[in-house]
A.B. asks: 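Can you read through this structure? Questions will come right after.
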Amino acid sequence: MIKQFSRCIREYKRPTILTLLFIFFEAVIEALIPFITARLVNGIQAGYSLSFVVKTGLILTAMACVSLCFGGLAGYTSAKASAGFAKNVRHDLFSKVQTFSFENIDRFSVSSLVTRMTTDVTNVQMSYMMIIRTAVRAPLMMLFCIVMAYIMGGALATSFVVVVPLLGFGLWLIGRKAMPAFRRVFRKYDRLNESIEENVRAMRVVKGFSREDYEKKKFSTAAEDIRRDFTKAERIVALNSPLMQICLYFNLVFVLAVGSKLVIANGSVNVGEISAMLTYGFQILANLMMISMIYVILTISAESIQRIHEVLSETPTLSNPEKTVKNIKNGQIDFDHVTFDYGKMTEKHALSNIDLHIESGMTVGILGSTGSGKTSLVQLIARLYDVTEGSVKVGGIDVREYDLNTLRNGVAMVLQKNELFSGTIKENLLWGNENATDEDIKKACRIAKADEFISRFPDGYDTHIEQGGTNVSGGQKQRLCIARALLKQPKVLIMDDSTSAVDTKTDALIRKGMAEDVPETTKLIIAQRVTSVMEADLILVIDNGVIAQVGQHKDLIAVDGLYKNMYEQQTKAGEDDE
């Protein structure tokens, strides 16, 4: 894990090393200042000349300025190093997620991934800054101060033998008690973010059903749960302060009482040494307190580090073979005894023993009830998942032999719920082909019947699309997504119920346009309406993960079966509506 995170330092090694050097020199100077101050106090007590006092005062001023400069430089370089480190961690996380298959993404919720890239990375950034700065400075200061205390105070330094272990044990015990609550908080953050994301995405549904009060209550419950755990942990951590005060005042009383007795009895200890011992005692305990806070923060961050490590160490279930095929000959598709399931723990296969041959350029309609396996079937063609058994071939070659980018550029998918991104219509369409010309864009939009509504916008193709396409209708969004897929000039075009929000007339015009303008492209159309696939070269009816019927409309309508039942039900429903 340490090796994995150390790779994220990369170009920020220099500011990291400089921070450590600046901190070292700052600690050395700060440990020497009480020693020089003690000499000044003793000199004044002994009646030294004014020149000695001025000279020593100037030395102390110079040391303080140098220490301040080193501290300031350490603050600058540590901020630069930690912010850069966090940037690299966030970049590596995002890049890793881009390599995930659907199976990998299924293991993490969207809200959890967002929390890991935001809150968890921020915690790691803070921890990194503390490690290279405070976590180095505090132990160094403690070590230097203890050494200087024994050099100057001798017997007076024995108070640290009692105070330091006592404070250290107390702080460790406090941290140990507080940590379980902090760990629980991060898991609850995921659920809180999930609730927020779900509410924002489904805001229209929430308002449509007047469930605002319910959603507010659900959010308040999650927020209160987090507050309760944080309060419990911070209540325990708050014991740091009184424990620190007890140890500090014990050391103060001990040094003053024993030191005064030694001064009066035999003069073996002078006033300057007592002053230095008090300063060193305060610095030792303050830095020990700082170490305890570092321990608490690092323990909190340990959970964040583990969560980030889970994502970075996740092995993508899909990867390119050693020797990849980078050219798709045509849109021929073959399923050879394909069985597929979404995980080893699933009770039944999503698809079972699928055998299917589709010639390049054919139009294939796919029908079936919800959960029958329609989407699972087409996702295997673009290798969004790998088959459990058998093989899927495109252009006569197993999809597992293709370069993933080549395959997914050659197999375009238009989903029922496709996403548009913030930007202009043109920018969204160029996702299909960044090198497409204006004429290419207009042609794709004509086929998808999107040009008719784009032309009505004042800014045309430069019309701004809000995030998620919220300023266009569902049917307009689907037509833009179809045009975007057509711009890829794919060998295979998969439309997964992607005209569900389009009226039947426009649906028919889209299918007619594709048949005339891209006849060489193999087209797979998943639909709920029989009328959307009646003219297809081949119709598949899928039921419970198996192909129940296959053939053309005229053949399937002539026999009793699922297709005929669907056709009659929809036809009767249409007549009833009329």
Side-chain angles (χ1 to χ4, degrees), residues 330-333 358-368 374 378 381 410-416 418 425 428-429 432-433 436-456 461 472-541 550-557 563 566-567 570-571 573-574 577-578:
N330 55 46
Q332 178 181 308
I333 301 171
I358 300 171
E359 289 289 347
S360 181
M362 288 180 68
T363 298
V364 179
I366 303 175
L367 297 172
K374 305 185 298 296
V378 297
I381 300 171
V411 179
M413 292 190 68
V414 187
L415 306 177
Q416 179 183 10
N418 248 305
I425 289 176
N428 270 277
L429 294 173
N433 179 4
T437 64
D438 289 345
E439 187 55 40
D440 293 333
I441 292 173
K442 290 177 181 178
K443 179 182 177 182
C445 288
R446 281 197 298 270
I447 298 172
K449 303 305 171 188
D451 59 327
E452 59 184 41
F453 70 82
I454 294 175
S455 62
R456 292 198 297 267
Y461 287 87
V472 291
S473 70
Q476 290 172 338
K477 186 189 298 186
Q478 286 186 335
R479 282 180 276 176
L480 287 173
C481 292
I482 292 170
R484 182 173 63 187
L486 288 170
L487 276 174
K488 297 178 76 171
Q489 298 178 346
K491 302 291 185 182
V492 178
L493 175 63
I494 299 170
M495 299 175 64
D496 187 355
D497 208 9
S498 54
T499 57
S500 58
V502 174
D503 61 88
T504 54
K505 180 181 177 181
T506 305
D507 182 16
L509 290 173
I510 292 172
R511 286 184 279 109
K512 180 182 178 183
M514 288 193 295
E516 293 174 352
D517 290 281
V518 286
E520 70 285 354
T521 298
T522 305
K523 296 166 280 290
L524 280 73
I525 303 172
I526 295 177
Q528 298 296 332
R529 297 189 293 237
V530 173
T531 53
S532 296
V533 300
M534 283 173 54
E535 298 173 1
D537 301 313
L538 190 69
I539 300 172
L540 308 177
V541 181
V550 59
Q552 293 183 327
H553 172 73
K554 59 182 177 59
D555 301 319
L556 297 176
I557 201 68
Y563 183 84
M566 293 173 65
Y567 176 77
Q570 292 182 17
T571 303
D577 289 341
E578 291 178 4

A.B. asks: Is there a side-chain contact between V414 and L493 (heavy atoms, below 4.5 Å)?
C.D. replies: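 The answer is yes; the side chains approach within 4.5 Å.
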A.B. asks: Backbone N or O of T521 within a donor-acceptor pair of the K523 side chain at under 3.5 Å?
C.D. replies: yes
A.B. asks: What are the two closest heavy atoms between A448 and A483, and how far apart are they?
C.D. replies: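 In terms of heavy atoms, the two residues are closest at CB-N, 3.7 Å.
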A.B. asks: How many angstroms lie between atom OG1 of T531 and atom NE2 of H553, to the nearest 0.5 angstrom?
C.D. replies: 10.5 Å
A.B. asks: Of all the heavy-atom pairs spanning A450 and L480, show the shortest one and how long it is.
C.D. replies: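 Nearest heavy atoms, A450 then L480: CB-CD2, 4.3 Å.
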A.B. asks: Is there a side-chain contact between C445 and I425, using heavy atoms and a 4.5 Å cut-off?
C.D. replies: no
A.B. asks: When you measure from the side chain of Q552 to the backbone N and O of D537, does any donor-acceptor pair fall under 3.5 Å?
C.D. replies: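 Indeed, once roles are kept as given, a pair shorter than 3.5 Å links the two residues.
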A.B. asks: Report the residue from E516, E452, E439 that forms a salt bridge (Lys or Arg N to Asp or Glu O under 4.0 Å) with R446.
C.D. replies: E439
A.B. asks: Taking R529 first and then D507, would you say they form a salt bridge - that is, a charged N and a carboxylate O separated by under 4.0 Å?
C.D. replies: yes
A.B. asks: When you compare the side chain of Y563 with that of V550, does any pair of heavy atoms fall below 4.5 Å?
C.D. replies: no
A.B. asks: Is there a donor-acceptor contact under 3.5 Å from the side chain of K374 to the main chain of G368?
C.D. replies: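 Pair found, side chain donor or acceptor close to backbone of G368.
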A.B. asks: Once you round to the nearest 0.5 Å, how far does CG of D517 lie from NZ of K443?
C.D. replies: 5.5 Å
A.B. asks: Find the distance between CD1 (I539) and CG (D555) and round it off to the nearest 0.5 Å.
C.D. replies: 9.0 Å
A.B. asks: To check you understand the geometry: which heavy-atom pair defines the closest contact between K488 and V411, and what is its length?
C.D. replies: NZ-O, 4.4 Å
A.B. asks: Quick check: do T499 and T506 have side-chain heavy atoms less than 4.5 Å from each other?
C.D. replies: no
A.B. asks: Are side-chain heavy atoms of L524 and I526 found at a separation under 4.5 Å?
C.D. replies: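 They are not in contact (no side-chain heavy atoms under 4.5 Å apart), so the answer is no.
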A.B. asks: Ignoring hydrogens, what is the shortest heavy-atom contact between A527 and V533? Give both atom names and the distance.
C.D. replies: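 It is CB-CG1, 4.0 Å.
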A.B. asks: Rounded to the nearest 0.5 Å, how far apart are CD1 of I333 and NZ of K491?
C.D. replies: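 It is 13.0 Å, given to the nearest 0.5 Å.
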A.B. asks: At what distance, to the nearest 0.5 angstrom, does CD1 of I525 lie from CD1 of I494?
C.D. replies: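 Reported to 0.5 Å precision, the distance equals 11.5 Å.
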A.B. asks: Please report the shortest heavy-atom distance between N433 and L487, naming the atom on each side.
C.D. replies: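 Of all heavy-atom pairs spanning N433 and L487, the closest is CB-O, 3.3 Å.
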A.B. asks: Compare all side-chain heavy atoms of N428 with those of R484 and state whether any distance is below 4.5 angstrom.
C.D. replies: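 Yes; the side chains approach each other to less than 4.5 Å.
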A.B. asks: Sequence neighbours left out, what passes salt bridge (charged side-chain N to carboxylate O under 4.0 Å, His left out) with E520? Give chain and number order.
C.D. replies: none
A.B. asks: Which is it for Q528 and D497 under the side-chain contact (heavy atoms from CB on, under 4.5 Å) test, yes or no, and what are the steps along the way?
C.D. replies: CA-CA 7 Å; Q528 298 296 332; D497 208 9; 3.6 Å; yes
A.B. asks: Does S360 reach the main-chain N or O of G331 with its side chain, forming a donor-acceptor pair under 3.5 Å?
C.D. replies: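 Indeed, once roles are kept as given, a pair shorter than 3.5 Å links the two residues.
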A.B. asks: Search all heavy atoms of Y567 against all heavy atoms of M534 and return the closest pair with its distance.
C.D. replies: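 Closest approach of Y567 to M534, heavy atoms only: CE1-SD, 4.2 Å.
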A.B. asks: Roughly how far apart are L429 CG and I441 CD1, rounded to 0.5 Å?
C.D. replies: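 Between atom CG of L429 and atom CD1 of I441 there are 6.0 Å.
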A.B. asks: For F453, does its backbone N or O pair with a side-chain atom of Q476 as donor and acceptor, under 3.5 Å?
C.D. replies: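 Checked: no pair found.
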A.B. asks: I would like to know whether I447 and M514 meet side-chain contact (heavy atoms from CB on, under 4.5 Å); could you show each step before the answer?
C.D. replies: CA-CA 6 Å; I447 298 172; M514 288 193 295; 3.7 Å; yes
